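Heads up, the thing below is written out as structure tokens.
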Amino acid sequence: MSTNKGMKIVIVGTGYVGLTTAVMLAYIGHNVVGVDIDEKKIELLKKGKSPIHEAGVEELLASLKNNITFTTDLKSNVGDADIIMIAVGTPAKANGEADTHYVEEAACTVAEGLIDGRKYTVVVKSTVPIGTNRRVAHVIARTLKERNVKAKVYVASNPEFLREGMALYDSFYPDRIVIGSEDPEAIEMLRRMYRPILEQTFDPPQAIPRPDGYSLPPLITTDPVSAEMIKYAANAFLALKISFINEIAGLCEKVGADVTEVARGIGLDTRIGRRFLNAGIGWGGSCFPKDTAALIAVGREYNYEMPIVEAARRVNQLQRERTVEKLQSVLKGVRGRTIAILGLSFKPGTDDVRESPAIDIIRLLIERGAHIRAHDPVAIENARKAFTTEELQEITFVDDPYLAAEGADAVVVATEWQLYRKIDLKRLAYVMRTPILLDGRNIYAPKEARGAGFIYMGVGR
């Protein structure tokens, strides 16, 4: 841990972003208070239990009892804070816009607890539409005026770039740290807060070692609007890259090329890069779908079309539909068939099923009359909540992948969990009614799968 002289930091929201940020800041020596309106979540955290499946969180919580506390009482904890970070959800509205009312409610409650004559830095960590930082500053100023409190409040944007399943790793060893503010004081406060990360002066957690060759992360300081746009543009570009290789994969299937070879060939071009060129059944989660929709909504607000981002979203939806079409074709119809789905979370390392391709594929299969037998190492409980009562009647959740495949007419690998990479393909094929494998993440060598007795279908292969 760091010997850095700690600040008092209050973090509003204990979801993926808020909790992992809180744990990281406590580890490097700050005094952190995590706040959430969800009483059950706070009770879990007080017991050292994480409400989310995120590698390393519970291990570090157990060692940080002197540096981190959790509460539902925001107003009483901000008065003596140095930095207050807002990391609440910004769910999508029906028109795709990000809903900021939780952010504004948090800002108002923060302002209700600030003390006369003190200086504060309020940081917007949530992913928010363009101009939200100005709106937060207005809400705080208005509330202070109503209270007749003369506190000096600096507002800054500090977007996160965390990957679910790797959030703590990305917190300790970021690619970059972005701060957007018009106030030099706010920038300096955040520079002080992040100093152990920027200079890498902390002793790395045993469970999250510093990667070999890791260099010091750059600090980017800019205006708030540009910081807000950086977050949206980054996620949109990554979504575009995945959709691009998925579109190429579709053509590869038509002409007889292997998209894994194509991706390798183009990824070696340093202008393109290898990452996010893995063809599959599409992207999901809490960020890419919501942030691309929000970016399109921002463009619409300014009468500016974004056809490339719109196309990326369309290609992503088509990947799910094409998966079902492949099953329909090879099985000559899925009605009355039993389909095994391996993987329910949108990616490995998390129990998050929001916008998961697997969930959409299951719904499409149920609509066509199939029965589903599903397995996931950690996401079954969340998956149950994602379906209607009627849909659940057609889904059997099991705790073993071989049991999921038993008697099935086809198996779909929807999430690339390590467990599935190591599966005994011969055993899997043996227990099935018809050994059809749709490798939705291209994790198996086609020759190996066919050698195990499967009729193999990948994506773009």
Side-chain angles (χ1 to χ4, degrees), residues 161-167 169-170 175 234-289 291-292 308-309 311-323 326 341-350 352-361 376-377 379 411-423 425 437-449 456-461:
F161 304 96
L162 307 179
R163 298 168 292 172
E164 288 190 32
M166 296 287 288
Y169 177 93
D170 292 339
D175 292 324
N235 276 353
F237 184 81
L238 295 176
L240 289 174
K241 200 170 180 182
I242 298 170
S243 286
F244 171 80
I245 201 63
N246 281 336
E247 186 168 84
I248 294 296
L251 188 57
C252 283
E253 291 179 6
K254 299 289 186 183
V255 303
D258 186 336
V259 75
T260 60
E261 294 299 306
V262 174
R264 187 163 67 99
I266 66 175
L268 290 170
D269 187 327
T270 55
R271 296 168 300 176
I272 296 173
R274 300 182 182 186
R275 298 176 68 185
F276 288 81
L277 285 179
N278 296 318
I281 56 176
W283 38 263
S286 63
C287 293
F288 289 1
D291 292 352
T292 50
I308 295 176
V309 182
R313 289 175 57 83
R314 177 60 182 150
V315 168
N316 195 54
Q317 181 58 36
L318 284 174
Q319 289 305 101
R320 294 147 163 79
E321 296 170 11
R322 286 172 179 152
T323 299
K326 287 179 181 180
I341 305 291
L342 300 186
L344 297 166
S345 59
F346 84 96
K347 63 179 287 188
T350 178
D352 194 346
V353 300
R354 286 176 288 180
E355 301 286 345
S356 172
I359 303 299
D360 277 352
I361 289 167
D376 189 283
V411 61
V412 178
V413 178
T415 312
E416 61 272 37
W417 284 99
Q418 193 66 22
L419 170 67
Y420 304 147
R421 292 179 183 273
K422 296 179 178 181
I423 208 163
L425 289 176
L437 171 61
L438 202 167
D439 182 3
R441 298 299 181 181
N442 288 346
I443 64 175
Y444 305 117
K447 186 176 180 180
E448 177 191 6
Y456 175 85
M457 295 180 292
V459 180
R461 309 174 87 177

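Not measured: the values here are computed from a predicted model.
Note that OG1 of T292 and CG of N235 are 8.5 Å apart. Values are rounded to the nearest 0.5 Å. Atom CZ of R274 sits about 4.5 Å away from atom CG of L268, to the nearest 0.5 Å. K447 contributes atom NZ, which lies 14.5 Å from atom OH of Y456 (distance to the nearest 0.5 angstrom). Here the CG atom belonging to N316 is positioned 10.5 Å from the CD atom belonging to E321, to the nearest 0.5 angstrom. The line from CD1 of I341 to CG of D376 is 11.5 Å long, rounded to the nearest 0.5 Å. Distance check: E247 CD to L318 CG gives 9.0 Å after rounding to the nearest 0.5 Å.
In terms of heavy atoms, R320 sits closest to E355 at NH2-O, 3.0 Å. Closest heavy-atom contact between V353 and I359: O-CG1, 3.9 Å. When all heavy atoms are compared, the tightest approach of A279 to A249 is CB-CB, 3.9 Å. Shown here for Y420 and G343, the closest heavy-atom pair between the two residues is OH-N, 3.2 Å. In terms of heavy-atom proximity, S345 sits nearest to T350 at CB-O, 3.2 Å.
Annotation: side chain of F244 is not in contact with side chain of I272 (no heavy-atom distance under 4.5 Å). Between I423 and V413, the closest side-chain pair of non-hydrogen atoms is not below 4.5 Å. Residues F161 and C287 fail the side-chain proximity criterion, which asks for heavy atoms closer than 4.5 Å.
A donor-acceptor contact under 3.5 angstrom links the side chains of Q319 and R322, judged on distance only. A donor and an acceptor atom, one from each side chain of N246 and W283, are nowhere located under 3.5 Å apart.
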With side-chain contact (heavy atoms from CB on, under 4.5 Å) as the criterion, how do F346 and D352 come out once you've worked through the C-alpha distance, each side chain's angles and the decisive distance to 0.1 Å? CA-CA 6 Å; F346 84 96; D352 194 346; 4.0 Å; yes
Would you check, one step at a time, whether the test side-chain contact (heavy atoms from CB on, under 4.5 Å) holds for N278 with I245? CA-CA 7 Å; N278 296 318; I245 201 63; over 6 Å; no
Test side-chain contact (heavy atoms from CB on, under 4.5 Å) on L240 and I308 and set out the steps. CA-CA 8 Å; L240 289 174; I308 295 176; 3.4 Å; yes
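Within the 3.5 Å criterion, the main-chain N or O of E164 finds a donor-acceptor partner in the side chain of K347. S356 places a side-chain N or O within 3.5 Å of a backbone atom of A358 that can act as its donor or acceptor partner.
The one candidate from L342, V412, I281 that meets the side-chain contact (heavy atoms from CB on, under 4.5 Å) condition with R441 is I281.
Counting only residues at least two apart or in different chains, salt bridge (Lys or Arg N to Asp or Glu O under 4.0 Å) contacts with residues 256-272 comprise D258-R461, E261-R264, D269-R271.
Remark: Y444 OH is packed, more than 12 non-hydrogen atoms of other residues, nucleotides or ligands lying under 6.0 Å away.
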